[in-house]
Amino acid sequence: MPSTILDMRAITKTFPGVKALQDVSLEVKRGQVHAICGENGAGKSTLMKVLSGVYTAGTFDGEIWFEDKLCQFKDIKSSEAAGIVIIHQELALSPFLSIAENIFLGNELAKNGFVDWNKTNLEAAKLLARVGLNDHPGTKVSELGVGKQQLVEIAKALSKQVKLLILDEPTAALNDNDSENLLNLIKHLQGQGITSIMISHKLNEIKAVADKVTIIRDGQTIETLDMHADDISEERIIKGMVGRDLNSRYPDHTPTIGEELLRIEDWTVHHPVDQSRQVVKSANLKVNAGEIVGIAGLMGAGRTELAMSVFGRTYGTNISGTVYKNGVPIETKTVAAAIKHGIAYATEDRKHYGLNLLDNIRRNISGAALEKLARWGWVDKNREHVVAEGFRKSMNIKAPGVGSITGKLSGGNQQKVVLSKWMFANPDVLILDEPTRGIDVGAKYEIYSIINQLADQGKGIIVISSELPELLGICDRIYTLAEGRITADVPRAQATAEYLMRFMTQAKEQDI
Amino acid sequence: MTAVNSALQYLTGQLRQVGLFIALIVIIIFFQITTNGITLAPINVSNLIVQNSYILILAVGMVMVIIAGHIDLSVGSVVAFVGAMAGVMITQWHMPWWLAIIACLVLGALVGAWQGFWIAYFGIPSFIVTLAGMLTFRGLAQIALQNQQISPFPDEFRALGSGFLPDLGGGTSFLEPLTIILGVLAALAFVIAGIKQRANLKKYNLADEPTAWFIAKLVFTSALILLIAYLLASYRGTPIVLLVMGVLMVGYSAIMANSIWGRHIYAVGGNAHAAELSGVNTKRVTFTLFINMGVLAALAGLVFTAQLNLANPKAGEGFELDAIAAVFIGGAAVTGGVGTVIGAIIGGLIIGILNNGMSIMGVGTEFQQLIKGLVLLAAVAFDVFNKRRAKATLK
């Protein structure tokens with residue numbers, strides 16, 4: 001039996017009016033991968049902030065024992081000195097500095113106050129080798145994809161002699177390949193004696209790498225399961241997270257499919273900077289009334305690019321092809337034009353592209369269709385209130401009122417605000433890009449139900465998702481996209497994860 | 001418990017606005033005592049309004065620019081340029097005064113369009129474009145005036161800056177009747193609008209303001225309006241420029257709160273990407289915003305020139321800084337998306353009263369600068385502190 005490296009005992013953290021953590025205990029064994037899961041707002045991040053010294057010792061109750069010593073961390077620096085490093089979901093790299101500079105940022109290898117570049121690059125190269133990244137240490141971080149940036153973060157942690165690595169949703173922004181890579185790396189580091197705590201929503205990953213999983217709900221530890229001892233199913237974990245059995249993760253739905261609503265023909269898009277590169281290549285796709293169509297593709301396949309280029313040409317240059325709405329060719333050169341033609345696009349990145357986080361729910365919901373509430377350019381605030389309040393109730397947005405600032409809502413509730421915004425605009429075709437990214441299981445189910453309702457109203461829905469089970473669970477038909485090309489059009493009955501994956505990774509054809 | 005809590009929470013939410021107002025009053029009382037009552041003497045109140053009018057006009061435009069996440073450093077130079085052109089038009093080209101005013105406002109719009117074009121459609125940061133504008137329009141002002149001053153201006157033109165509405169009492173009454181009438185009407189309008197709005201909110205079951213607070217606010221504000229009317233009436237009546245400012249204040253507050261354009265300005269400042277993906281023509285919003293700023297800067301230039309009765313190539317130096325300070329004291333955020341017209345006006349008044357009070361007390365300009373700087377810092381620090389505390393309560 002491995003020894004205990006970390007023992008958090010009876011942690012209670014209160015904010016004025018709210019008990020964020022109540023009597024939470026967490027014991028992590030040396031050399032294990034320990035997963036923490038729970039719904040959004042359950043207190044996972046708060047617990048990790050307590051552990052990493054973001055919340056100074058004394059602002060919470062309870063004890064932290066690390067390597068058999070009682071620790072009182074003043075700040076992140078002191079927890080790092082002890083060997084605890086946290087990698088946040090939003091990566092904290094400086095884009096215009098090199099990999100090596102980022103790794104040693106704040107810990108510069110210096111002689112007499114001047115950076116020793118040879119040593120810096122040499123050490124960085126050694127660390128990169130350990131995480132399996134072959135890029136040159138002098139490469140700017142902005143030139144790397146998210147997956148590689150994640151590796152740089154881990155290399156940075158290694159440079160700090162990490163003993164306990166905390167990863168907050170490490171694969172949330174990664175595609176399947178990069179995710180697998182990262183999970184392998186975590187296993188690999190485990191072999192070198194590094195203990196990891198991984199916060200994740202993705203149960204298959206937890207199953208794949210975790211030795212133990214602790215479930216947190218409403219600020220309390222519910223249970224810690226040994227992934228080896230018991231045969232723990234995903235359903236078992238979900239049950240612990242939501243405190244109830246989810247009979248199914250996807251609501252039942254029988255589609256009534258009608259006429260063709262939207263058809264895209266021969267759609268080609270070039271990269272905005274590297275204009276010789278085709279990001280989307282002669283794509284053809286269509287969606288019918290009442291149909292939920294999925295687009296499956298690995299990161300970089302051109303899914304978001306395809307959607308955004310159709311939606312007001314908000315991505316790409318040299319766009320060619322035709323969009324038909326109800327069989328009639330239409331122009332969608334601006335967002336306003338696309339909206340007017342009944343197309344809506346809900347972004348994968350709601351914080352940066354979907355919401356005004358400084359503003360309240362009411363004004364975010366009305367944002368895409370203010371004209372509907374206005375006469376002569378003046379908005380009828382009372383009607384707006386009624387509309388927003390209606391969505392708050394029907395969509396079950398958990399907030400005190402529609403005056404609440406959206407930046408303070410949880411991910412799932414923010415996503416509901418984004419959906420409400422587009423539902424109020426009342427489009428015929430709704431393109432949803434990663435509609436359930438970063439939101440918890442309960443809220444996901446609600447979002448799926450909403451998608452089904454919209455389809456039942458005769459709208460055409462296009463769902464872009466990185467999670468194949470999700471597409472398989474809710475779509476009537478799935479397109480696979482590989483390197484900008486549509487490689488298959490698969491009806492629900494035929495679709496399995498393996499079958500789709502084959503087309504998503506289809507061998508490269510020669511580029512034209 | 002919950003009722004008390006929600007009331008407290010409500011007040012905390014209002015703390016910034018209320019705090020600003022209280023700060024203004026505390027400053028007024030402070031100077032009222034230290035200047036032995038000169039601060040609130042009728043003639044001084046009248047002067048305060050007249051002499052700060054152009055900064056307040058600039059602050060109204062500036063707060064909108066800052067809400068959208070931009071900045072305009074050129075307004076001081078635009079004031080000089082428009083003032084210069086007004087001088088040239090009236091005294092050299094012999095244009096009628098009213099035509100010159102219209103032409104100058106159009107000129108302001110063109111100046112704004114020029115800068116807005118580079119910012120909105122060319123994507124050059126507003127800081128750079130308007131820094132260039134600050135130099136360009138100062139230069140143009142000097143060229144237009146050939147480095148001379150132009151004076152005097154016709155009386156009709158001067159009235160825009162320093163004139164008063166006609167005295168219905170024939171100059172003999174103890175209180176000027178028209179000003180009292182206007183004051184009563186304004187207070188009435190304020191009360192009626194407030195009650196109507198609340199009734200509307202009640203109808204939709206949305207009223208979240210505690211009743212006692214609502215009544216206190218109405219009573220206090222209308223008393224304040226009547227007090228100002230009384231003070232003005234016991235001097236020379238209503239300054240014309242106060243009327244202009246009143247219209248701007250009410251008009252732009254409504255625009256920012258309720259018009260599609262105003263809402264788009266907040267949306268662009270809060271998250272430009274999200275606004276664009278919601279179908280907002282962000283470039284056009286930015287472009288029109290700078291045209292608007294140009295027109296308001298031109299108006300400020302006209303008022304300033306009319307008040308001094310002088311077109312001067314050095315006019316308006318540092319006005320941009322006063323206007324920007326007013327906006328930030330008034331609670332706007334540097335990152336955009338947050339701010340109000342009323343806040344900017346109160347911020348401008350705080351600066352104006354500090355200037356005025358310290359001058360009466362005989363404080364040297366060097367100390368005036370020092371104190372104004374500290375007030376600006378304190379106001380923003382208070383903001384940041386407040387936000388942090390709000391975050392702590394919410395998490």
Side-chain angles (χ1 to χ4, degrees), chain A residues 13 15-18 20 46 49 308 311-312 314 334-340 344-347 349-359 362-364 366-371 373-374 376-386 389 400-408 418 421-422 425, chain B residues 1-2 5-6 8-10 12-13 67 69 196-197 199-209 254-284 332-333 335-339 387 389-395:
Chain A
K13 168 80 186 167
F15 296 108
V18 195
T46 311
K49 283 180 181 164
M308 288 183 73
F311 187 65
T314 40
T334 62
V335 173
I339 293 175
K340 215 180 79 208
Y345 167 75
T347 166
D349 187 348
R350 56 184 167 262
K351 287 199 166 136
H352 291 115
Y353 296 103
L355 292 171
N356 179 353
L357 296 173
L358 300 174
D359 216 335
R362 168 167 64 90
R363 286 197 283 255
N364 269 289
S366 63
L370 261 187
E371 298 73 25
L373 293 167
W376 306 111
W378 290 87
V379 180
D380 182 343
K381 259 192 184 166
N382 295 321
R383 255 178 67 212
E384 186 185 30
H385 240 303
V386 173
E389 195 56 43
V402 293
S404 303
I405 302 298
T406 53
K408 287 168 182 158
V418 173
K421 172 168 92 173
W422 290 114
Chain B
M1 183 64 201
T2 42
N5 255 346
S6 70
L8 267 179
Q9 216 165 27
Y10 182 81
T12 319
I67 287 169
K196 227 174 131 184
Q197 198 197 359
N200 239 329
L201 287 175
K202 272 255 169 70
K203 198 166 78 189
Y204 292 102
N205 211 3
L206 301 166
D208 60 341
E209 207 177 33
I255 285 175
M256 290 308 281
N258 295 326
S259 79
I260 290 188
W261 188 55
R263 298 281 294 272
H264 283 178
I265 292 171
Y266 278 105
V268 168
N271 186 342
H273 292 301
E276 198 167 346
L277 283 174
S278 299
V280 175
N281 190 336
T282 53
K283 289 177 180 168
R284 195 166 63 200
T335 45
V338 178
K387 251 179 228 160
R389 215 187 34 179
K391 240 184 214 162
T393 26
L394 274 154
K395 270 255 164 101

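The sequence lines fix the lettering, A, B, ..., with proteins before strands; numbering per chain opens at 1.
The minimum heavy-atom distance between B:Ala274 and A:Asn356, with the atom names listed, is CB-N, 4.5 Å.
The most heavy-atom pairs under 4.5 Å with chain A, out of B:Gly336, B:Gly262, B:Gly269, B:Ser278, come from B:Ser278. Highest contact tally toward chain A, considering only B:Ile260, B:Val280, B:Ile255, is held by B:Ile260 [criterion: heavy-atom pairs under 4.5 Å]. Between chain B and the residues A:Ala336, A:Ser366, A:Pro400, A:Ala368, the largest count of heavy-atom pairs under 4.5 Å involves A:Ala368. By number of non-hydrogen pairs under 4.5 angstrom with chain B, the leading residue of A:Leu355, A:Asp380, A:Thr46 is A:Leu355.
For a residue to count as touching a neighbouring chain, one of its non-hydrogen atoms must lie under 4.5 Å from one of that chain's; by this rule B:Ala272 does not touch chain A. Contact of A:Trp422 with chain B is made through the side chain alone, with heavy-atom distances under 4.5 Å. Only the side chain of A:Glu384 comes within contact range of chain B, with heavy atoms under 4.5 Å apart. Interface residue B:Glu276: only backbone heavy atoms are found under 4.5 Å from chain A. B:Ala254 touches chain A through backbone and side chain together, each having a heavy atom under 4.5 Å away. For a residue to count as touching a neighbouring chain, one of its non-hydrogen atoms must lie under 4.5 Å from one of that chain's; by this rule A:Ile339 touches chain B with the side chain only. Only the side chain of A:Lys421 comes within less than 4.5 Å of a heavy atom of chain B; its backbone N, CA, C and O stay farther away.
By the 4.5 Å heavy-atom criterion applied to side chains, A:Met308 and B:Leu277 are counted as neighbours. Two residues are said to be in side-chain contact when any heavy atoms from C-beta on lie closer than 4.5 Å; B:Tyr266 and A:Leu358 fail this criterion.
We find the CG-NE2 distance between A:Leu370 and B:His264 to be 5.0 Å, quoted to the nearest 0.5 Å. The NE2 atom of B:His273 sits 11.5 Å away from atom OG1 of A:Thr314, with the distance rounded to the nearest 0.5 Å.
A donor-acceptor pair is defined here as one N or O able to donate and one able to accept, closer than 3.5 Å; such a pair exists between the side chain of B:Asn271 and the backbone of A:His352.
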